[in-house]
Structure formats: structure tokens, C-alpha cells
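Beneath this line is the structure, given in C-alpha cells, with notes to follow.
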There are 2 protein chains.
Amino acid sequence: MAREQAGRRPTVETISAEAGVSVSTVSRALRNDPRISAERREAIAAIAQRLGYTPHANARALVTRRTGIVGFVTGSRSNPFYPQLLETLVERARLRALRIMPLHMSRDPLSESSIQALLQYQMDGCIITSAELSSRAADICQANEVPLVMVNRVPRLHGCAVSCNNFAGGEMIGAFLAAGGHRRIAIVLGTPNASTSSEREAGASQAAARAGLEILARVAGHSTYAGGFEAASVLWSLPERPDAIFCVNDIMAFGMMDGLRRLGVRIPEDVSVVGFDDVDQASWGAYDLTTVAQPVGDMVDRALDMLDMRIRRPGLAPEIAYLGGLLKVRSSARSAPA
Amino acid sequence: MAREQAGRRPTVETISAEAGVSVSTVSRALRNDPRISAERREAIAAIAQRLGYTPHANARALVTRRTGIVGFVTGSRSNPFYPQLLETLVERARLRALRIMPLHMSRDPLSESSIQALLQYQMDGCIITSAELSSRAADICQANEVPLVMVNRVPRLHGCAVSCNNFAGGEMIGAFLAAGGHRRIAIVLGTPNASTSSEREAGASQAAARAGLEILARVAGHSTYAGGFEAASVLWSLPERPDAIFCVNDIMAFGMMDGLRRLGVRIPEDVSVVGFDDVDQASWGAYDLTTVAQPVGDMVDRALDMLDMRIRRPGLAPEIAYLGGLLKVRSSARSAPA
DNA sequence: AAAATCTGCGCAAGCGTTTGCATAAACCGT
DNA sequence: ACGGTTTATGCAAACGCTTGCGCAGATTTT
């Protein structure tokens, strides 16, 4: 019997009383179980509709052991690529009836309570995009059998990941700069030990070498605006100045351009600057940055695919996907004459 | 009896078997119920610790009717203020054992499935920061008795909100510009009908009037970079050009500055530009924008306070809090001589 | 010394679902 | 007319936790 508690939302039991059938029939009808006859199913659906019934995710999770919640861990917001990724992730996840729950969004170490949340809410999986935090998070997920996919980051030993093809992207940059007649290329590196940084750098270096060019200098930029800004002074005080600067991500390129302009350097007349990521600001007038666009939508979809499969079939072998980027030519770098 | 199912996490029952007490005693001990004797409590805590026990949030939510999840709805990420707000929110919520779940993060209308999520997961409350979506969301929350707090936005009729004191902030800007000797102030408006935009504009207008100044022009900027960029041409082609431009948020100020520079205008020599929000980019070298900093941390805490109270005591009267902003003087605007 | 209070704990119901198994009615071929 | 399959539904257990109530035994009050 439905208890008809004052202000409570309707449950399967409310519907079952209304329809004169058992709760199991209601449950099955609502989930389109073929065993329930069509007319009953429709009758039940109509009642549910009329009552404004919504299933109770917690109760369902309790029995199915699936919550539909995916944890999200990222490093600092200082790189605008990550908010962009998160927005895409939330939207794409919604289309698969998955919800994203951000567990951690700062540069601080992963707090114990964030990890507890992952377990307490019985999340179905986890997506992580931070270079610094990935090892710790990977261990925790593995220990608790929570499927994990790293995005924009490849795992040290094993684990799933989807990433832009950073090496190929770096090559595109290197080739583009060489074709543009640049002879003295400098590279600004990002987070030390991050695969994204080193792969992009390696790709660019190789393409440069193929064009008979040595990399003039490699300096640290720490994947921050300030790091790029300071790198400008460092590079411009070199005995031999670069004629092209590849910052391995856009955020450093913005700092670099601002730093150079502060020194009176003209872009791209005196030096070309290129980045990697194609965040929103890259197309802003102040920068109009030549960069490699990461296929964020595809990356997110692929990551959710991987997660989905491992939620369904735990223990599936790890997998790594590299998706190609797209060179966006803008005005921050000299191009080859057409 | 504990079933000791293969790979399952320990539950209260596992612990109760181990400790030789009932599950209710375990539950109470873990929640520090004073009725349980100290030594038992410690013994149980020790076992829980040893087993790596973590309570199951869904099961708890089922009976307590509290999930600890707070929904988050925002408009487009194009204004970097919102990612910044979200990061703060996630961190501050964590300190109160609350989790944030982003339901919607794009400019599109609120989808039905996002609303469903709010109800299915039985969220304890909702925080919304989008001007466009707030009416719809407010209706839904009210209909379902979900506490709602609007941040950076005041409600049309009733409801909770916490916002920067936009009017006072606008006044600070207006007074600052007047003191700096500016005579022809233009204002770039944001999202039409948004309270943030109109209040900031009103504050600035009033302060200007107090200094004997009329506002030269008011133009639309739509709260986007591109809107600010285009507004630059509009303002600069006016018969009488402004000597100060107040963009009601930073993102438009960036577009404005880039647009002006494209026209060869020098900042602040030819015209001063000021913004509102103090997002990260405002302190970047390219802009170094004079603006009003919103007290994001305090705003978030206050919003969570409001939510907390209404979760505990449903039906509490609506409340609106205005928190003061802080003028950040940088180099994008001429100051009064010292 | 009997009655009242307190202390510490267990029983069992309940939260809203799903799902394995049982059951009853209808259908099939013979 | 009968055993066997199919079809549509119900029963009840289970998921893991919280909590009202009850019940001993120890302690205090009259």
C-alpha cells in the first residue's frame, strides 16, 4: 500500500497502487521489459507521466551497483584548456546518461576526502586530466577497481588514456615553422615530466631536424601564463635570438607574446610565436595565435567510450588512443609565401 | 551474517560480524553516537580502519533523504569568471562534506535530462549562476522543494541569492574615473536584463552624475569577448569619442582593449578602460586591467551557508546577500595624480 | 527495599529499486 | 483431453544504511 506520505515524491509503489499491479510490474514496465504487455506498459507509463514520477537514482544504484556518476579530477584551472574540456565532458556525458562529478580542481595534492567521495558515491569510473595527480589517482582507482581514463595524458606504466597525438602535432608545428623560413627555433616547455610537453617538443624537434635545423634553445615555462611571460626575457637575452618560438601550450604562448611585446618585440615581424591547444583566447584579437587544435569533442567521446566498455566489462585490457590535432594558422607566425 | 561476497567492499555488517555486535551498534559507533561506550566505539573504529571501510553514500541517502550533492548550473564558459567560481565552489563545498555536480554548462537551454538528474539524484540543493537560465531553474527547484541559491544574480521575484554589491562596485568605478579627470565616460553593457549588468551601470552612472558628468554612450557588449571587440569600433566612430570606457565585465574589457588597439588607439593614453570581475586574465601583462574584484571565496561560502540552512530547515524565508567588491587599480586607466 | 532513572545495546522496520524464481493463465500440437 | 511451452505477472529477497523502540542490567532516588 502506498503510504501517501505528505510531501513525498511518487515512487514505484505509488504507481503500483494506482495501476493495481505489483511494484515489480511497474519497475519492469518503466524499463521497457518485453515481458510486460504493451497495454499495461502504456497504462503504467501514463500514470507515471501524470504523477510526475522520477526514479530514485540512489535506490537503483544500491541494487544495480551502478550509479551513473563519473568522477573528474583536474589540476589547476590556470590553463583554460581544462574548463573547456570539462564543459564538453559534462555535455557529452549527459547524452549517455552519465553525470560528471568534479572531485578535485586545484593544484593542491589530492585530498583524502576527495578520494573518499569517489568510493562513497560508488562512482562508475573516473576521468583524470592532471599530470601531477595521475599516479596517485591511478593507484587508488586500481586498488578499488574503479575504471579510469586519463585524458590529455598518457600513463607511466599501464592504464587507459586518450590524448591528442602530441608528437604529430609537434611535427606539424616544426614543419610549419621550417616552411615559413624560420632558422632559429626555441621551444618553451611545460610541466616537467608531462608527456604532453615532451611529446610535443620531440615532434617539433624531429620535424626541425628533418629540415636541417637545430633547436636553438629549450626553456621552462611551467605551463602557466607567468612562466611564458618570464621565458620571453630569457629567450630575448640569448646571445643569438630565436626567430620562432614554440610554446607547448597556448597559455604559455599568451604569456610569451605579452612578455615579448613588453620588451618592444614585434610579432610576427621580429619573431613568430606558436602554441598548442587552441583554447578560446587563441582566436582573440590580442593574440590571434597559430596553434594546433586538440579535437576535444572526439577526445571526450572516446574517453567515455573507454569508460563505458570497462564499466560493462571490468578487467578489459588497457587501451591508449591518440587523436590527431589540426593546425590552425593565424597571424602570430609568419607563413611560407603562398 | 556477513556474506563475504568475493570482491565486495566491507559494509557495516562485515564490521558487526568482526566485532561481535549488531549492525546498529556499528552504525551508531561510526557516527559517534554518545550512547555507545567509548571502548566499543574505539574497537569498532579500529576494525573499520583495518578493513578500509567506507560508508555507502547511496544507502545512507536512501534513508536519511540527504545526498550531500549540490547541483550546479551555469551559462557558457566563455566568461572565465564561471570556471573560477566553480573551482572555488568545489573546494569550499568539500570542506563541508558537500559535492558539486555540474548539471549544465552551456548557453543552450536547460535540457530535460539535466532537470531529471537534479531530481533523480535527490540533490540537496542547487546553485545557479546563469542569468538566462535562472527563471526556469528557479521554477523547477521551487516545484520540487529543492533549495536554490543564485550566485552573481538576483532573483526577479523571490528566492535566495548572493551577489557582489554591483551597484557599489559600479560607483567605485564611476568615482575612480571621475577622480582621474575623465569627462566622457562610455559604458559597455552585458547580457540584456541581467541584474549584474544593469546594477553596475547604474552605480557608475550615479557616481558620474555626482561628479557632474553625463554618460556619453551606452552600447551593448553581450558579455562576450567578441561583443567588446565590436563595441570598440562603435564607440570610436562616435562623433564625440569617450575618454573612459567602463565594460561591465572583464571579458568585454579584453575584447574592447584588443579592438581599440587594432584601431591604433593607445590605452590608457587615448582612453582608459576598466572592467569588473577581476578574472585571472585581468592581471595578465597584455591587459593589466583596472577592475573590481568580486569576493569569490566569500560569495561561495555565503551561498553554501544559505543552502545549508535551508537544507536543514526547509521553508526558511528567502534571503539576499550583497558582498562588497574591491577596486583593483592597474594600468589600463589613468588615475588621479597622487 | 521498592520504584524510578539511566546506560548500553539489539531488533526490526524502512528507504525505493531491481530481479530470480514461482505461478497462473493461455496457447500449442497431438 | 493432456503434458508442454509460452506469456504475463506477482512474491519476496536483496542492496547498505539509519533509527524508533524495547529491554536488560546498573545506578540512583524515595
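Keep in mind that what you see is a predicted model, and the values were worked out from it rather than measured. Lettering of chains follows the sequences in order, A, B, ..., and the numbering in each one begins at 1.
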Q) So, does the side chain of T11(A) form a donor-acceptor pair with the base of dC15(C) at under 3.5 Å? A) no

Q | Spacing of E13(A) atom CD relative to dA12(D) atom P, expressed in whole Å | A | 14 Å

Q: Take the protein atom CG of L119(A) and the nucleotide atom P of dC17(D), then report the distance between them rounded to whole Å.
A: 13 Å

Q.
Rounded to whole Å, how long is the line connecting atom CZ of R60(A) with atom P of dC15(C)?
A. 19 Å

Q.
Regarding dC17(D), can its base be found pairing with the side chain of T64(B) as donor and acceptor, where the two atoms are less than 3.5 Å apart?
A. no

Q | Given dC21(D), dC11(D), dT18(C), the nucleotide with the shortest approach to the side chain of R28(A) | A | dC11(D)

(Q) Nearest whole Å is fine: how far is dA8(D) P from I36(A) CD1? (A) 9 Å

Q) Is S37(B) near enough to dG8(C) that one of its side-chain N or O atoms lies under 4.0 angstrom from OP1 or OP2? A) no

Q) Rounding to a whole Å, what distance do you find between I15(B):CD1 and dG10(C):P? A) 14 Å

Q.
Rounding to an integer number of Å, can you tell me how far I44(B) CD1 sits from dC17(D) P?
A. 13 Å

(Q) Between R35(B) and dG8(C), is there a contact of a side-chain N or O with OP1 or OP2 at under 4.0 Å? (A) no

Q: Would you mind reading off the distance between R9(A) atom CZ and dC15(C) atom P, rounded to a whole angstrom?
A: 15 Å

**Q.** Length of the line joining L62(A):CG and dG14(C):P, which is rounded to integer Å
**A.** 17 Å

